[in-house]
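What follows is a set of notes on a single structure, which appears directly below.
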Amino acid sequence: MSTTLWILIYLCFSLVCKWILSWGGASYIKGWKSIFFLDTESSSWNEEQVKMMTLFLWIGFSILFVIGLIYPEYRFYKLKNSL
């Protein structure tokens, strides 16, 4: 996976996270619609829970993004190919 694609994936993910956290996305996807964005067990989550889970996912993926920038061999395709 090229560095450009890696950055593009991160930017798209960050845009979705920003929408959920700041631009009213959490109120739109709370309840059963959050299953498509977060987890199968999230069908009864309220707005604050959706925002908190999104924040945790964003922080976690940001750490993976930085690791992937520094060490390209740790990007997703290597993990998939090594299994």
Side-chain angles (χ1 to χ4, degrees):
M1 177 182 311
S2 69
T3 304
T4 306
L5 181 60
W6 184 246
I7 293 171
L8 184 65
I9 289 170
Y10 180 73
L11 289 176
C12 290
F13 181 77
S14 293
L15 184 65
V16 171
C17 288
K18 181 68 175 167
W19 172 70
I20 291 173
L21 291 172
S22 301
W23 299 329
S27 63
Y28 179 74
I29 67 166
K30 69 181 175 185
W32 68 272
K33 291 180 251 179
S34 63
I35 292 171
F36 301 110
F37 288 90
L38 300 173
D39 189 5
T40 57
E41 300 294 325
S42 64
S43 61
S44 61
W45 287 5
N46 61 22
E47 238 180 282
E48 291 81 22
Q49 290 170 321
V50 169
K51 285 182 179 182
M52 185 60 67
M53 185 61 172
T54 303
L55 183 62
F56 288 151
L57 288 173
W58 200 2
I59 291 169
F61 193 69
S62 295
I63 292 169
L64 286 174
F65 172 71
V66 171
I67 291 171
L69 277 180
I70 297 170
Y71 303 106
E73 62 269 12
Y74 290 122
R75 294 179 189 165
F76 294 132
Y77 74 96
K78 284 291 187 181
L79 294 175
K80 179 183 168 193
N81 292 337
S82 67
L83 294 177

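Please read these numbers as outputs of a predicted model, since none were measured by experiment.
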Practice item. Please report the C-alpha distance between W58 and L21 in whole Å, then the side-chain angles of each, then the deciding distance to 0.1 Å, and finally whether the side-chain contact (heavy atoms from CB on, under 4.5 Å) criterion is met. Key: CA-CA 10 Å; W58 200 2; L21 291 172; 3.4 Å; yes
**Study point:** Steps toward side-chain contact (heavy atoms from CB on, under 4.5 Å) verdict (I7, F65)
**Key:** CA-CA 8 Å; I7 293 171; F65 172 71; 4.0 Å; yes
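Taking each heavy atom of A26 and K51 in turn, the nearest pair found is CB-CG, 3.6 Å. In this structure, I29 and W19 approach most closely via the heavy-atom pair CG2-CH2, 3.9 Å. Nearest heavy atoms, W23 versus L15: CZ3-CD1, 3.8 Å. Contact between V50 and T54 at its shortest, heavy atoms only, is O-OG1, 2.8 Å.
Checked by atom type, the side-chain pair R75/S2 shows no donor-acceptor distance below 3.5 Å.
To the nearest 0.5 Å, atom CZ of residue F13 and atom CD1 of residue I9 are 11.5 Å apart. Rounded to the nearest 0.5 angstrom, L55 CG and I59 CD1 are separated by 4.0 Å.
Relative orientation of the F61 and W6 rings is tilted, given thresholds of 30° and 60° on the angle between their planes.
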